[in-house]
2 protein chains.
Amino acid sequence: MNQRMTIAAQKMGKPGEEPGRLPAHELIYRQLRAMVLFGDLAPGQPVTIQGLTDRMGAGMTPVREAIRRLIAEGALEFQGNRRVSVPQLTANHVSELIVARQWLDPYLTQCATERASADDLDRLADLDAELDRAIETGDLRIYLERNYSFHKAIYDLADQPILANMADGLWLRFGPSLRVVCGRMGTQNLPDKHKEVLDAMRAGDGERAAQAICEDVVQGMEQVRLSFGKPGPAT
Amino acid sequence: MNQRMTIAAQKMGKPGEEPGRLPAHELIYRQLRAMVLFGDLAPGQPVTIQGLTDRMGAGMTPVREAIRRLIAEGALEFQGNRRVSVPQLTANHVSELIVARQWLDPYLTQCATERASADDLDRLADLDAELDRAIETGDLRIYLERNYSFHKAIYDLADQPILANMADGLWLRFGPSLRVVCGRMGTQNLPDKHKEVLDAMRAGDGERAAQAICEDVVQGMEQVRLSFGKPGPAT
DNA sequence: CATTGATTAATTTGATCATATTCTGGGCTT
DNA sequence: AAGCCCAGAATATGATCAAATTAATCAATG
């Protein structure tokens with residue numbers, strides 16, 4: 001629960017350490033980002049500047065900057081009248097996210113397959129193992145974190161920074177909803193295709209890896225879609 | 001030349017007016033965004049907070065927020081040591097941008113074709129006419145603005161806000177380089193496929209419109225690519 | 001003696017905060 | 001129910017502190 005730890009407390013690391021030298025706005029940003037990504041903030045929940053200054057023990061300027069950044073990334077929503085909140089996905093938004101991921105994830109996976117070393121693949125397998133353990137123990141938070149890390153690791157391996165950044169940003173948009181959906185279903189019924197992805201990558205078969213990732217993505221995103229009414233353009 | 005107009009000057013509109021009620025950080029953001037998009041800032045050029053506070057006649061807080069936003073969008077680059085600058089594209093980056101636009105633009109064009117009204121198409125044609133006039137008169141700035149507006153209008157017509165936002169964001173990344181390239185070539189040798197796009201859209205042929213946009217995109221982006229050495233990963 | 005190198009002083013710029021101002025929204029009065 | 005008022009939250013400024021780049025000084029060496 002280091003969520004509630006103050007910025008001031010985090011800043012005093014040993015002099016030579018790296019995290020101690022990070023500016024406050026960067027720390028706030030990372031914390032807020034993680035909160036959105038893993039569903040600590042519910043969809044629709046308002047996000048106030050003063051609330052965060054108190055909660056994080058920081059001044060308003062760094063908080064404001066972090067919020068602006070997250071708004072620009074689509075992780076938060078500016079409601080026109082100086083109000084900020086966690087976006088509520090509509091069925092149409094989910095459709096867009098599926099379309100986007102269905103293209104980005106396979107492409108990046110194919111690139112990653114061509115560049116991945118044996119070490120890289122071992123690290124991916126480790127992440128997947130931790131993910132399986134989280135499913136068994138029913139630890140939703142760890143599940144969400146490791147699932148994200150698995151896909152993020154593939155993005156990074158692809159060595160396509162701009163596209164990886166785009167794919168990464170999409171997670172911020174469905175993070176809050178994903179948490180709600182998974183929370184309702186329990187971790188038991190959360191199948192994935194990660195094993196098939198790993199197999200294909202080990203075999204150097206980019207096409208098959210891309211196919212497997214695509215199925216994994218669609219499978220996961222459809223869960224999110226089903227949590228809404230119908231996929232039609234109704235309101 | 002309202003670039004150099006101060007924020008204070010822009011803020012005093014009539015009480016009921018819309019632009020007068022926009023917060024300063026929003027105005028700064030829009031101005032800076034336009035500067036990046038249309039190449040007023042050269043690639044590699046440093047962007048300082050204090051320089052902007054002077055230039056725009058505003059305080060530091062709004063300027064800082066605008067800069068953070070643009071960094072999050074990839075329009076500016078944080079250089080680690082608290083310095084901010086306009087990014088320099090590499091050949092690999094250009095390749096990524098081509099891949100991304102080659103997928104996003106055709107898809108959105110297809111969606112737009114299915115939804116566009118006759119009025120919408122007329123507006124597009126108007127934009128294209130102004131673009132042609134800019135080419136004749138050799139007005140590079142107007143050319144860049146109208147060319148962007150043409151594509152942006154198509155994105156908006158598609159009614160896919162997330163994907164449109166992604167496509168829109170890519171322009172910020174190649175804006176500065178595009179200006180350099182077009183500046184070297186002069187406006188005369190800047191062919192586009194907008195007429196074919198419009199024809200296909202009027203005919204309701206989404207597939208053909210998508211194809212035409214794709215050619216337009218590739219044609220334009222290849223100009224940018226050629227301004228570098230070879231596309232290889234050298235250096 | 002001149003040139004180069006490094007160490008340190010000075011200036012510029014970024015980060016943070018406390019404070020003043022403006023605006024929105026809800027409650028209360030009429 | 002409409003309009004006014006007030007509490008609270010967001011916006012914006014300037015001051016202050018810290019970091020980094022640049023300039024300058026000095027010493028050592030060829």
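Scope of the values below: all heavy atoms of this structure, side chains included, with no hydrogens, waters or symmetry mates. Chain identifiers are assigned alphabetically (A, B, ...) following the order of the sequence lines, protein sequences preceding nucleic acid strands; residue numbering begins at 1 within each chain.
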How long is the line joining CD1 of Ile28(A) and P of dA15(C), in whole Å?
14 Å

Are Ser85(B) and Gln45(B) linked by a side-chain donor-acceptor pair shorter than 3.5 Å?
no

Distance-only check: which donor-acceptor pairs under 3.5 Å involve side-chain atoms of residues 162-172 of chain B, not counting sequence neighbours?
from	atom 1	to	atom 2	distance (Å)
Asp168(B)	OD1	Arg33(B)	NH2	3.3
Asp168(B)	OD1	Tyr148(B)	OH	2.6
Asp168(B)	OD2	Arg33(B)	NH2	3.0
Trp171(B)	NE1	Tyr155(B)	OH	3.0

Are the charged groups of Arg123(B) and Asp120(B) less than 4.0 angstrom apart, N to O?
yes

Compute whether any side-chain donor of one residue and acceptor of the other, for Gln102(B) and Tyr107(B), lie under 3.5 angstrom apart.
no

Rounded to the Å, how far apart are Leu52(A) CG and dC17(C) C1'?
17 Å

Can you pull every protein N or O that's under 3.5 Å from an N or O on nucleotides 5-9 of chain D?
from	atom 1	to	atom 2	distance (Å)
dA9(D)	OP2	Gln50(A)	OE1	3.2

Would you tell me whether Tyr29(A) and Glu73(A) have side-chain atoms, one donor and one acceptor, within less than 3.5 Å of each other?
yes

In whole Å, I'd like the distance from the CZ atom of Phe78(B) to the P atom of dT13(C).
16 Å

note: Asp54(B), atom CG; dG14(C), atom C1'; distance rounded to Å ~ 14 Å

CE of Met60(A) versus P of dT21(C): gap in Å, rounded?
16 Å

For Asn81(A) and dG25(C), is the shortest distance between a side-chain N/O and OP1 or OP2 below 4.0 Å?
yes

In terms of side-chain heavy atoms of Pro23(B), which of dC17(C), dA15(C), dT11(D) is nearest?
dT11(D)

State plainly whether the residues Arg141(A) and Glu145(A) are in salt-bridge range, i.e. N to O under 4.0 Å.
yes

In numerical order, the residues of residues 63-71 of chain A whose heavy atoms come under 4.0 Å of DNA chain D are Arg64(A), Arg68(A)

Is it true that Glu222(B) and Arg225(B) make a salt bridge, defined as a side-chain N closer than 4.0 Å to a carboxylate O?
yes

Less than 4.0 Å between a side-chain N and a carboxylate O, is that true for Arg101(B) and Glu96(B)?
no

